[in-house]
2 protein chains.
Amino acid sequence: MNKTIIIVDDHKLFAQSLQILVNSFSGFEVVKTFKNGEELVKYLEAGNEGPDILLLDMRMPVMDGMSTMAWLKENRPDQKVLTLTVDQEDETIIKMLRLGCRGYLLKDIEPEEFEHALNAIDRNGYYSNKTISDALSHEERKKKYEELTDREMEFLTHACSELTYKQVAEEMHLSPKTVDNYRESLFSKLQVKSRVGLVMFAIKEGIFKI
Amino acid sequence: MNKTIIIVDDHKLFAQSLQILVNSFSGFEVVKTFKNGEELVKYLEAGNEGPDILLLDMRMPVMDGMSTMAWLKENRPDQKVLTLTVDQEDETIIKMLRLGCRGYLLKDIEPEEFEHALNAIDRNGYYSNKTISDALSHEERKKKYEELTDREMEFLTHACSELTYKQVAEEMHLSPKTVDNYRESLFSKLQVKSRVGLVMFAIKEGIFKI
DNA sequence: CCGGACAAGGGGATTTTTCCCCCTTTTGAC
DNA sequence: GTCAAAAGGGGGAAAAATCCCCTTGTCCGG
């Protein structure tokens, strides 16, 4: 028995070619396509069964991917959804995952990865790739540095230099012991183990511009 | 007597507004505008005098900024040229400077800086700003790291981590004393004073991708 | 064959960094 | 007013990084 797929995407050309592609994979079959979230919701509210996997586009008129996902979270919390999108917006990815989306793919992927994602969601219930882990790690880091105090941020930028901590202390008009406190506090908040770790974090987050 | 200016730029709208702007500056006067380098070359080969300052766009059809600059280096080595461009390509800037270009400005600058540049080139013969010094320092650094040995490069990438040098030595199957040599050698070649300096250099040069 | 460049390794020393304790004062929220 | 967090400061010790000066072997061009 083939796994059923429903495609929700307003881009007709893409939706159609995607359907052909999916049907060419063994074990999957597109049973419906909709132009937007509203059409899907009406279909489901009419008492129809959801598909095994829902392929959801983000950018759609009427009811976009996010709203559709929110509705599904309320009304079909177990619906497996694989999001297909053109842009890698870290914030968006995070929100979709929170709403229970099982996978997130950029539209320019290789068919092989796409097939792999379908199989992974079918078998394991979710699919994770670089796009997602990048978004998550960025989110993680963002959370981290948002809870830094002003003085810690200031110290962090000073640490991105060839000055010794003693010299940094002079620059900041502080005792070396105080900057040592900031250092230790940052090590623990940012989960780094050395000054090099601090520097790489600061550069990664754009706190220090190189 | 006004200093004469010739504009070479295929973007008509830009060339025209630039002409108006230049004419509004006291002491400067646009005497000609050309759509590409070829037109300029024909004009000069016809026996016409070159302007005091030539404003040259990089991206042009037929004969672009680089080719035009090369022709000028051969045939009018004393022609003062101020390059105007949309993109900051360090390589390009370096090449243009080598070809004898006296100044290099991005097209999104403030009129004030532009006027300042014209005056500087008129008086001192050249104009230097951040765009150029950035490109030069990049060139400097590039020269530096091109003379690093393979092993030094390898060590450099390992240094961009939270590993201690002892651990780096293990990774590289070397004695800690040997990596110490690489470290010292890099400090002197790259003119840095600490591991943080190494890391920042590597990131700046794209040797280590963050 | 000799000198120079380079990779690899080392001795011994100082400075910095890192770590784990401790403390006071100020400040803002409740 | 109280309580917690932030800012500022310390002692002492281990580990890491930095510095200067040295040897050995190899390989390559003159």
Side-chain angles (χ1 to χ4, degrees), chain A residues 140-208 210, chain B residues 140-205 207-210:
Chain A
E140 271 305 294
R141 290 201 307 273
K142 204 174 164 187
K143 223 180 285 166
K144 282 182 200 164
Y145 93 81
E146 270 169 358
E147 61 195 25
L148 302 189
T149 69
D150 291 352
R151 272 315 232 179
E152 283 168 348
M153 284 291 270
E154 209 180 322
F155 163 72
L156 186 50
T157 61
H158 281 93
C160 296
S161 76
E162 295 197 288
L163 301 178
T164 67
Y165 287 140
K166 203 193 289 186
Q167 292 169 318
V168 169
E170 277 171 35
E171 289 266 317
M172 291 179 73
H173 307 292
L174 290 174
S175 137
K177 280 298 181 178
T178 305
V179 310
D180 195 39
N181 284 337
Y182 289 136
R183 182 191 55 74
E184 288 212 57
S185 161
L186 285 179
F187 276 22
S188 106
K189 283 187 182 177
L190 308 180
Q191 290 163 272
V192 300
K193 288 184 286 296
S194 70
R195 183 162 172 180
V196 170
L198 286 184
V199 171
M200 293 196 297
F201 178 90
I203 294 173
K204 220 177 282 183
E205 290 309 301
I207 294 166
F208 178 78
I210 206 145
Chain B
E140 272 303 296
R141 289 199 308 271
K142 203 176 165 186
K143 223 180 285 166
K144 281 183 202 163
Y145 93 80
E146 270 169 359
E147 62 196 25
L148 301 190
T149 69
D150 290 352
R151 267 326 226 175
E152 283 168 350
M153 283 292 269
E154 208 181 321
F155 164 72
L156 187 49
T157 61
H158 280 94
C160 296
S161 76
E162 295 197 287
L163 301 178
T164 67
Y165 287 139
K166 203 191 291 186
Q167 292 169 316
V168 169
E170 278 171 36
E171 290 265 319
M172 291 178 74
H173 307 293
L174 290 174
S175 135
K177 278 299 182 177
T178 305
V179 310
D180 195 39
N181 283 337
Y182 290 137
R183 182 190 54 73
E184 288 211 57
S185 162
L186 285 179
F187 276 22
S188 108
K189 284 186 183 176
L190 308 179
Q191 290 163 273
V192 300
K193 288 184 287 297
S194 70
R195 181 163 175 179
V196 169
L198 286 184
V199 170
M200 293 196 297
F201 178 90
I203 294 173
K204 226 179 274 182
E205 288 310 301
I207 294 167
F208 178 78
K209 273 143 195 85
I210 205 147

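Just so we're on the same page: letters track the sequence lines, and every chain starts at 1.
Residue A:L148 contributes atom CG, which lies 10 Å from atom P of D:dA6 at whole-angstrom precision. Protein atom NE2 of B:H158 is 18 Å distant from nucleotide atom P of D:dA16, rounded to whole Å. Here the P atom of nucleotide C:dC22 and the CG atom of A:N181 are 14 Å apart, to the nearest Å. Taking atom CZ of B:R183 as the reference point, atom C1' of D:dA16 lies 11 Å away to the nearest angstrom. Counting to the nearest Å, the P atom of C:dT17 and the CG atom of B:L163 are 19 Å from each other. In this structure, CG of B:L186 is placed 13 Å from P of C:dC6, rounded to the nearest angstrom. When the P atom of C:dT15 is taken as reference, atom CD of A:E162 falls 19 Å away, rounded to whole Å. For the pair B:K189 NZ and C:dA5 P, the computed distance is 12 Å after rounding to whole Å.
Not a single donor-acceptor pair, N or O on each side, falls under 3.5 Å between the base of D:dG8 and the side chain of A:K177.
A close approach under 4.0 Å does occur between a side-chain nitrogen or oxygen of A:S175 and OP1 or OP2 of D:dG10. Between A:R195 and C:dT17 there is a side-chain polar atom (N or O) within less than 4.0 angstrom of OP1 or OP2. Contact between the side-chain N/O atoms of B:K166 and the OP1/OP2 oxygens of D:dA16 is found at a separation under 4.0 Å.
Side chain of A:R151, nearest nucleotide from D:dA16, D:dA7, C:dT16: D:dA7. Side-chain atoms of B:T149 lie closest to C:dA7 of the nucleotides C:dC19, C:dA7, D:dG8. If you check C:dG9, D:dA17, C:dC19 against the side chain of B:T164, the one that comes closest is D:dA17. Ranking D:dA16, D:dG12, C:dT18 by closeness to the A:F187 side chain, first place goes to C:dT18. Residue B:D180 has its side chain nearest to D:dT18 when only D:dG8, D:dT18, C:dT17 are considered. The listed nucleotides are C:dT17, C:dG9, D:dA17; the one nearest the side chain of B:Y165 is D:dA17.
Listed here is the closest heavy atom pair of A:L156 and A:L198: CD1-O, 3.8 Å. Here the closest heavy-atom approach between residue A:Q167 and residue A:E162 is recorded as OE1-O, 4.4 Å. Between A:R195 and A:F187, the shortest heavy-atom distance links the atoms N-CZ, 3.7 Å. Of all the heavy atoms in A:D180 and A:R183, the pair that sits closest is OD1-NH2, 2.7 Å. Here the closest heavy-atom approach between residue B:R151 and residue B:M172 is recorded as NH2-O, 3.4 Å.
Counting non-hydrogen atoms under 4.0 angstrom, B:T178 reaches a base of the nucleic acid. Across all strands shown, A:E184 has heavy atoms under 4.0 Å from base atoms, whether or not it also approaches the sugar-phosphate.
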